[in-house]
Structures are given as structure tokens and as C-alpha cells.
Amino acid sequence: MNGLDALMASVKRAVAARDGRRTPPPAHEPAIVREPVAGELSDRFLSEVADAGMHGERVKAEDVVTRCGEIVKDATGGVITEPALLEAHPELGDLAGLVADPDEDALYAAEVGLVLASAGIAETGSVAHQSGMMNSRSAALLPMTAVAIVHASTLVDDVYGWFAELDAETLASEIVLITGPSKSADIGMRLVTGVHGPGVVHVLLVTDR
Amino acid sequence: MTGSTFRERVCDALSDERARRAVMTATAEREERRRARWAELADVEGLRNIAAEIKQHTLDHLDAHLARFIEKLEELGVTVHGAADAAEAGRAVVEIAERHGCRSIAKSKSMLSEELDLNEIVERAGLEIVETDLGEFLLQLDGDRPSHITAPAVHKDVESCAKTFAEGLGVPVEREPKKIVAQARAHLRDVFRGADMGITGANLGVAESGTIALVMNEGNGRFCVHRPKAHVVVMGIEKVVPTLKDAAVIVKLLARSATAQKMTVDTHLITGPMRTGEPDGAEAMHVILVDAGRTRILAGAQRDALNCIRCGACLNVCPVYRTLGGHAYGGTYPGPIGKVLTGLLEDDPTCELPHASSLCNACRDVCPVKIDLPGMLVQLRQQQAKETGRPRGKLFVLRAMMWVMKSPMRYRMGQRIARLMMRIMGRKGWVTKGVGPVRGWTKGGRDIQTLPRKAFRDLWRKGRIG
């Protein structure tokens, strides 16, 4: 018997040894588990983005490239992105400083990473980024500055609602709900940002596409 | 913190003024912020009830949910291992390293790995392992141990952190936390880049999708699965929940209770290794499911202790933890949950931690999954009393107190006698050295304030109050 079979046998024994009480799975009352958002989703989303310590703003689709250009203009170490974002906004391909096909050194040297969010959550200001053939974990993680492009059509009300829409059979290998810059209070309980991941996070909410 | 008995460790803790101040401030602040966060939820009581029922239900059918979890993981190409104890878990990690040719490991924070002393086992096998959570990294450099579940270095102030980094990394001493963090960031970047294995814990395992959920603020968990040859998850069997919606309920409560955030910076869902055509991720993924005493607890009377989601809220609110800090407890888990878990995990029915509580119930009131910790502490005390026999001296004193308290006149008399005795024994308003039957009580640093000269009831009667 291998370790896993032995473990499962002990679990079975322990479950069987318990008293007769067997709690059924609880009902998830929407009035309890959901956090309804009053008013405009995008207003609440941007206010929560700011609350979480990120820089949020509304941007028109045609202005995305200009705005990204302003954010990356001092990034002498280079800018990295992912194919999914370039597909949604092809004009970003001409961005100054963009490193095409970065090798590992270029990934680690990059100062700004641009990524396409798969969703935004109004309740908490969270931005979802997922892995995939067209996505780059590196672009969302390695540079000190991260820029997440969130399309308004992907906004959802709340965390529970976001989870409820996931399909257990088709989940990406990685999804990160990003809510703020990387931070720690481990040194003398004083808050510092940019510990391992991005220390500055821009959230561009694209409103008309 | 080298005391070998609980009493010695308590004395050590009480004499460390600097650590006490740090812990007191940090816990009070966190507790206040947690309260405000909870109040923002639509129905926090309802949510706590659902969370508690999710955990109850899962543990009542743990065999079925674990079987489903394992099946999903294997479908995703994850290799699943079972470990009965620390030695088996350590062996599994070493074998995985051999199989994939890994030599250096970047590790993110995991309380279970602390419990198992995993680093020591892995290092003995000749592998290099680096803690990458800032607080844990600091403690690793120092040869120290975490003293809080979610703020491992809460007992250290800026100055001692600065010294540790400067000595450990051979860099200049910095006074500013921001600069100290920059030193650590630069150093740990190289660690991540050079590591060929990443080890993480798991805040949750979702049975229906085979997902591992990690909540984190620094981002190191994402680095551990960024591009290693192998990602190894070390998780306790009690961490599984049936569905993604169940995970959502726990996530909502976890960040708010642990660090008073609506969401932690990273809520990280990992579903299998990197897939074909993806540019980055772990090439292979392994999950080690660990028992280490959990099935024994599951079958026992304190099974609800397994409901714990490790938020640490009960530590922050506990008057004993706030005074002592975490090291005095001597186990991996300090505070109220540690008082219950330590003896159970170590299968030590004589563990004295259940007695280190005033049973004030604060921990029960803040537990997001409503674990009745005070009730369990009483149960554990009763079990101990049954097994070891009741101490006669204590029983005599308790009976005498009962007799005194049953009559108002005897109670008044008792108060007078106590006031007089304390005045005789006390120095500057404090009794630090008892005589006769209370000598043992004050042994080892315990003190008590003397009763005031006049009792409230006397002042009231004379009209001096009100």
C-alpha cells in the first residue's frame, strides 16, 4: 500500500469512527453570501481600486495607447506585455520601449508590464489575471510597475459572484485576483510596497469597447 | 526564548519588554481594523454560519471530498502523495527533487511546514531551501521561529530586523523599512531565478476543480510557481472544500479576519501545472497531503479544531497572547487555537496550554468559522483531570471558595481577610511574592495587584459613589 492509499484508509476510519451527526452542505443564501453594489459598477470599482492602493482611471479605447505611453515613458529598463493584450489593442505593439520576444534577462530587467485583465470586481477593486497560451505570468509579476487593462464589460459585482461564474472544468492553470501593490508589514509592522511583485499598479478601465 | 518548560518560557516572554510592546501594539491595531472590516459585510453572522457549516460538512464527509479532490488533481496531471507524518512528507519532497533534478528550493509561507520542520529534513538531504516570505526569511536568517500565524516576525522591531539583514546578507545596515525591503527584494529575486523547485502551502484545496488557493500580500507565492521545474504543495487534509463557491465564502472571511483587508493582494488560484503552449508556470506539480495527527483529531472530541482557517484573529484578541507573544506557547500554533491544537497534534494529553486561558470567550466571538475554543479548552481540562486525577489541594481551595461565595456574609468576610492578607504580602500595590498556600501561584514572575483599601460596596453604602 502506498502513502496515499494508507492516508485515505486512515481518513475513512476516522470519518467512520465519528458520531452519527452528518452536516449537509449549507445553502448559500444570496442575501448572505453576495455583496450587492449600489450605483454604477465602474464608479464603485474605481473607488475600491484607489482604496486598495492602486491607481485607477477611466480610459477610452482609442486613448489606451496614449495613456500607456505616458506611463511607460521613463521605463528605460524596458516594457513587456502579452499577446492577449496586443490582440485586443494592436496599436500597443508600437509602444516605445516594448521588448518583442523578451528572453529571460529582458523579462527580469523590464520596468513595466502591461497585461489584459479577464475581469474586475467592483466590491473589492480586484483585477483578475489568468495564465494561458496568450498570457504572460511574467508581465504581471516581474516588473516594479504593472498596468492592467480592464474592459468595463468584464466588471462583476462581488467576489462571490465572480467565483460563482467560474467553470470547474475549464479553469486556467493560474488565476490571480490582484488587489493592490505587493506589500508587507513584516519589518517592524511598517507597511512597505513592492516587496516581491509590482509596487505600483495602474488599472485602466476601458469604458467604450 | 529557550525556556524548556511553559513556565520558564512565560517568564522569558514577560521579561522581553521590547517584544511585548511590539506585540501589544500590533495585535490591538489589527483587531480594531478587523472589526471595521467585518461590519462592512452584508450579513457577517450569516456568512460565519455558512462558513462553519461548510467546514463541518466537509469534515463529516472528508473521505469523499478528498477522493474527488485527488481525482481532479490527477486529471490535471498533478502527482498526489500521502504522508502520515513529518518524516514521510520530508521524504516525498526529497524524492520529488531527485525525480526532477532539483537542488534549490524557493518556499513560500506555510504553517504546516513549520509544524513538520520541513526545512530541516530537506536540508539534511543536501537541498537548499530559502524562505521567501519577508518575515519568514528574516527568521530563517536569524535561526528564529515565527511567533504569529499571519505576522511571523511580529516580535521583532525595525532595528533588530535591520541588523539581521545586514549580518545575514552582508549588506550595509539600513534604518528605513523601505530600504531594508529593497535589500531583501534584490536578494530574493536571485533566489527565485535560481530556484528549480517552489514549495507552497495551501489555504484551500477545491475538490470540484482540483484548485489550490493561496492568499498572500507579498507576491512570493506567485514567484514560487513562476517557472520552476516542479511546484510542490504541502497541505493538511483538512484544507479541502467541496466547491469553488465554498472557497469564495472562506476567502471573503479569511482576508478580512487575518489582516483586515477586503482581499489580500494576491488571491491565487492554481489549477494544475503549466499547460502545453503556455510561456511560463511550473513544469510539473505535486501535492503532498499530510495527516500528521489530523485523522486522530478528526475521530476525537475536539474535531472542530480542524475547522480552523488559520486567520490568526483569535491571537490578536486574546489577552494572554497579547501579553506573552507567540513563543511562550512552545508549539507551531500560538494563541487560543494553539492551546487546543498543540496537545492534539502532538498527542500529548498532559499538555499544559489548555490551562493558560482566562476563558474570556473573546476568541470564540472573533472566529470566522465559529470554533468554540473556550468550550474545547474546558473539555481538554476535564479530560486531563479525569486521566491524572484531581489535585487535592486545588480541590480543597475550590470547595472553600464555593462555600464562601454561597453566602453574602461569608463573601464580605472573605473579602476583608483577602484585603488584609494582600496588604501584608504586597509591596507598592503589588503582590509579587506570596506566602503559604499562594507561594506557588506567584512563583516564576506571576503577580497580582493588591485590592484597594476600601471595597466598592463600602463606599457605596457610605454614599461616596453615585
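No experiment lies behind these values; they were computed from the predicted model shown. Numbered from 1 within each chain, the chains take letters A, B, ... in sequence-line order.
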Bottom line for Pro25(A): the part with an atom under 4.5 Å from chain B's heavy atoms is both
When the 4.5 angstrom heavy-atom criterion is applied to Glu104(A) and chain B, the contacting part is both
> Is there a donor-acceptor pair closer than 3.5 Å between any side-chain N or O of Asp63(B) and the backbone N or O of Lys12(A)?
Replying inline: no
**Message:** I'd like to know if the side chain of Asp291(B) reaches the main chain of Leu7(A), judged simply by a donor and an acceptor atom lying under 3.5 Å from each other, with no hydrogens or angles considered.
**Reply:** no
CG (Asp266(B)) and CG (Leu141(A)) are apart, to the nearest 0.5 Å, by 8.0 Å
Report the C-alpha distance between Asp280(B) and Ser136(A) in whole Å, list the side-chain angles of each, state the deciding distance to 0.1 Å, and finish with yes or no for side chain to side chain contact (heavy atoms under 4.5 Å, CB included).
CA-CA 7 Å; Asp280(B) 37 27; Ser136(A) 164; 3.9 Å; yes
Quiz prompt | Side-chain donor/acceptor of Glu35(A) to backbone N/O of Leu41(B), under 3.5 Å | solution = no
Which pairs would a plain distance check flag for residues 188-204 of chain A, meaning a side-chain donor or acceptor within less than 3.5 Å of a matching protein atom at least two apart in sequence or in another chain?
residue	atom	partner	partner atom	Å
His196(A)	NE2	Thr132(B)	O	2.7
His196(A)	NE2	Glu218(B)	OE1	3.4

### Query
With the threshold set at 4.0 Å, does a side-chain nitrogen-carboxylate oxygen contact exist between Arg193(B) and Asp105(A)?
yes
Bottom line for Val215(B): the part with an atom under 4.5 Å from chain A's heavy atoms is neither
task = Please answer whether the main-chain N or O of Val33(A) pairs with a side-chain N or O of Lys252(B) as donor and acceptor at a distance below 3.5 Å.
result = yes
Bottom line for Ala27(A): the part with an atom under 4.5 Å from chain B's heavy atoms is backbone
Item to complete: Look at the side chain of Arg189(B) and the backbone N and O of Leu142(A), then say whether any donor-acceptor pair between them is shorter than 3.5 Å.
Response: yes
Applying a strict 4.5 Å limit to non-hydrogen atoms, the region of Lys156(B) in contact with chain A is backbone
Against chain B, residues from residues 111-124 of chain A with at least one heavy atom under 4.5 Å, in numeric order, are Glu123(A), Thr124(A)
Residue pairs passing the ring-ring contact (aromatic ring centres under 6.0 Å, His included) test with at least one member in residues 21-53 of chain A, sequence neighbours excluded, are His28(A)-Tyr160(A)
By residue number, those in residues 170-177 of chain A with heavy atoms under 4.5 Å from heavy atoms of chain B are Leu171(A), Ala172(A), Ser173(A), Glu174(A), Ile175(A), Val176(A), Leu177(A)
